[in-house]
S.K.: 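Quick one: this structure, given as structure tokens, is what I'll be asking you about.
Just so we're on the same page: letters track the sequence lines, and every chain starts at 1.
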There are 2 protein chains.
Amino acid sequence: MSIADVARHAGVSPSTVSYVLSGKRSISEDTRRRVQESIRVLGYRPHAGARALASSRSNTLALVVPLRSDVHVPVAMRFAVSVVTGARDHDHDVLLLTQAEGADGLRRVAGSSMVDAIIVMDVEIDDARIPVLRELGLPAVLIGVPADTDGLACVDLDFTEAGRLCVQHLAGLGHGRLAFVGEPPAVYERRTGFAERTLAGFREAARELGVPEPAVLPCEPTRAAAERAAADLLRDHPGTTGLVVQNEAAAEPLVAALRAAGRSVPGDLSVVAIGADDVAAAVAPALSSVGLPVEELAERAVELAVRGLDDGTPAGVTLLAPTLVDRSSTAPPPRRA
Amino acid sequence: MSIADVARHAGVSPSTVSYVLSGKRSISEDTRRRVQESIRVLGYRPHAGARALASSRSNTLALVVPLRSDVHVPVAMRFAVSVVTGARDHDHDVLLLTQAEGADGLRRVAGSSMVDAIIVMDVEIDDARIPVLRELGLPAVLIGVPADTDGLACVDLDFTEAGRLCVQHLAGLGHGRLAFVGEPPAVYERRTGFAERTLAGFREAARELGVPEPAVLPCEPTRAAAERAAADLLRDHPGTTGLVVQNEAAAEPLVAALRAAGRSVPGDLSVVAIGADDVAAAVAPALSSVGLPVEELAERAVELAVRGLDDGTPAGVTLLAPTLVDRSSTAPPPRRA
DNA sequence: ATGAAAGCGCTAACAT
DNA sequence: ATGTTAGCGCTTTCAT
């Protein structure tokens, strides 16, 4: 079953079939219909390898997914699925690479022309794969923002602004003592962009608004760690009335622990989450939160990757504006007795 | 950069380079070394598409991952990562498909020769993709076991035996009243193989050992649902002393709720989990459990897929024997007062 | 043990 | 608006 069979069946030349398929030149309405009918009848599918060979386009994107245990897996999975879905909308497929393959994996799939572009998740500020990505000569899109973005396309939520937004929201309600429960220590140690930038925005805004230097408590993604963080918070920073949580796994147990300790949310303590909306909404009470627009980020990444194929990599950083959804976990602080 | 450049550089013919790479005919030690050196120096990578075209082998596997919200995501992700890792060990790459593409996606990637074999996760007893898989003429490996396995390779944990094993363990400790907290109702409604078979084994073994028909409580993967299940269990089946939980997300909150209700585990109630070992071990107290060997299942699946390329699909069901690891959540039942 | 050369199925320049 | 044809880079007979 090849393009020649279709051509014969439709009474046209192979190139005409090719052009009907690609739309790269105008075809008479009549011919187009005949060809499409032949394709349907014969059940013809172009051979991907032959296509890639002739056109130097594989119509395949590489997606590098993180393995780290400190990355929230459901969110990573949603990214991956959204990237696949977005890629299909642009007639592309997705080759799955794990972080474990590292730079060699990138060289391999690029060097053998398996993929047209590369999308990388979980980018660190000083990521070792970045120089490699530059050498490759393929469009590369990072979900995340490293220190040096030269020649690369980056997509992310504006986490700096997200951090600020949380402070503004809480300060606007009258909170004067804030704290931040964050990602696991390892995330900060390897300088993951989003975590570092969130904290920066959070601290800046606090400073600007005259809020005293807030406590920052990194937290492992376990219930036990969240309970410990709650205990630490209440013991070491008892005056805190406004809390920002950037840790999908810890949000629910943290709030539960606070309530178990007799603090009402939002009566005594207001809590704002940063992360996937459904996670925040599922907590009791539903948490006011700055949402992580996973689907939109993934779609943008795919679009940049695919667009880069024709226009060259459209380098530059795309930051999506964060929005805070007000749910039932924030209120003015309790009146001092 | 093509095979011709390497051949010229090494002073041999292109076919010799090809044979050095594939090992499909003997090459003098001297020639081999020269060619490999040239490959290294030039940084040559064979063009995947050209290879696929000439050899009708893409060295790529398709992996269909589930999207369903009732599938435990971290486990699905571990499967995916393990499949990629296993595939790389066999010099294959992995193309990621989502369930959303359905049968058409399978036809597409098979028809265009993008992949040599297909691995499908989250298989239902009567899965609509199975007839398609048979038509395709590619090796197909299911992680899971449908009703009709004719012509297909299936890999799974022996969940029937896993269910029996739990009963035997509990009955062996002296428990005479058992209950089962399972996956969400939807999982049973769509007749997911593993869930149905576990329950069958569980009930059979109970019958054989003279244990009265145990209560079965399906459970959504949320804390609230787990707490409800705990309450229902204590209210409606107060005599229960042995509990089997097959629900990664519910295990921890369920046990927590039981303890919060004043039941000690394993003092009053023994609990056995079925699922990923690390999840079970992370609960307080660490749960005795029948582990789900994710990595091994994935590796087997890959191996069957790759082996099928040369030998034809080695149809048949591979069931891994379950083992129960005794941790601190099971003990003899309390003596009747 | 090695080389020469015929495809694999498609795309895209070059025709008309 | 359509046809002809030369590759794309590799594998694999067929020779020697």
S.K.: Just to confirm, is there a sub-4.0 Å distance from OP1 or OP2 of C:dC10 to any side-chain nitrogen or oxygen of A:Ser18?
M.R.: no
S.K.: What is the distance from CZ of A:Arg32 to P of D:dA1, rounded to the nearest Å?
M.R.: 10 Å
S.K.: How long is the line joining CG of B:Leu42 and P of D:dG9, in whole Å?
M.R.: 15 Å
S.K.: Map B:Ala50 and A:Glu29 onto DNA chain D by nearest heavy atom, then report which one ends up closer to the 5' terminus.
M.R.: A:Glu29
S.K.: Starting at atom CZ of B:Arg51, determine the distance to atom P of C:dG9, rounded to an integer number of angstrom.
M.R.: 18 Å
S.K.: Quick check on DNA chain C: between A:Leu21 and B:Ser15, whose nearest nucleotide comes earlier from the 5' end?
M.R.: B:Ser15
S.K.: Mapping B:Leu53 and B:Arg25 to their closest nucleotides on DNA chain C, which lands nearer the 5' end?
M.R.: B:Arg25
S.K.: Salt bridge check, B:Glu303 against B:Arg300: does any charged N sit closer than 4.0 Å to a carboxylate O?
M.R.: no
S.K.: Grab the two heavy atoms, one from A:Ile27 and one from A:Arg32, that are nearest each other, plus how far apart they are.
M.R.: O-NH2, 3.4 Å
S.K.: Output the rounded distance in Å from CD1 (A:Ile27) to P (C:dT11).
M.R.: 13 Å
S.K.: Is B:Arg34 salt-bridged to B:Asp30, cutoff N-O under 4.0 Å?
M.R.: yes
S.K.: Where the side chain of B:Tyr44 is defined as all heavy atoms beyond and including C-beta, which of D:dC10, D:dT12, D:dA1 is the nearest nucleotide?
M.R.: D:dC10
S.K.: Answer yes if the side chains of A:Asp93 and A:Thr60 hold a donor-acceptor pair under 3.5 Å, and no otherwise.
M.R.: no
S.K.: Can you measure A:Ile3 atom CD1 to C:dT11 atom C1' for me and round it to whole angstrom units?
M.R.: 8 Å
S.K.: Closest to the B:Ser55 side chain: D:dT12, D:dG9, D:dT2?
M.R.: D:dT12
S.K.: Check this one for me: any side-chain N or O of A:Ser28 less than 4.0 Å away from OP1 or OP2 of D:dT2?
M.R.: yes
S.K.: If you look at every strand shown and take non-hydrogen atoms under 4.0 Å, does A:Thr31 touch a base, only sugar-phosphate, or nothing?
M.R.: sugar-phosphate
S.K.: Looking only at side-chain N and O atoms, does B:Thr16 come under 4.0 Å of OP1 or OP2 in C:dG3?
M.R.: yes
S.K.: Can you tell if the side chain of A:Arg197 reaches within under 4.5 Å of the side chain of A:Asp156, non-hydrogen atoms only?
M.R.: yes
S.K.: Please report, rounded to the nearest Å, how far the P atom of D:dT11 is from the CG atom of B:Asp116.
M.R.: 14 Å
S.K.: Nearest whole Å is fine: how far is C:dA1 P from B:Asp30 CG?
M.R.: 13 Å
S.K.: Does B:Lys24 place a side-chain N or O at less than 4.0 Å from the phosphate oxygens OP1/OP2 of D:dT12?
M.R.: yes
S.K.: For A:Tyr19 and C:dC14, what is the distance between atoms OH and P respectively, to the nearest whole Å?
M.R.: 11 Å
S.K.: Using only side-chain N and O atoms of B:Ser13, determine if any of them is under 4.0 Å from OP1 or OP2 of C:dT2.
M.R.: no
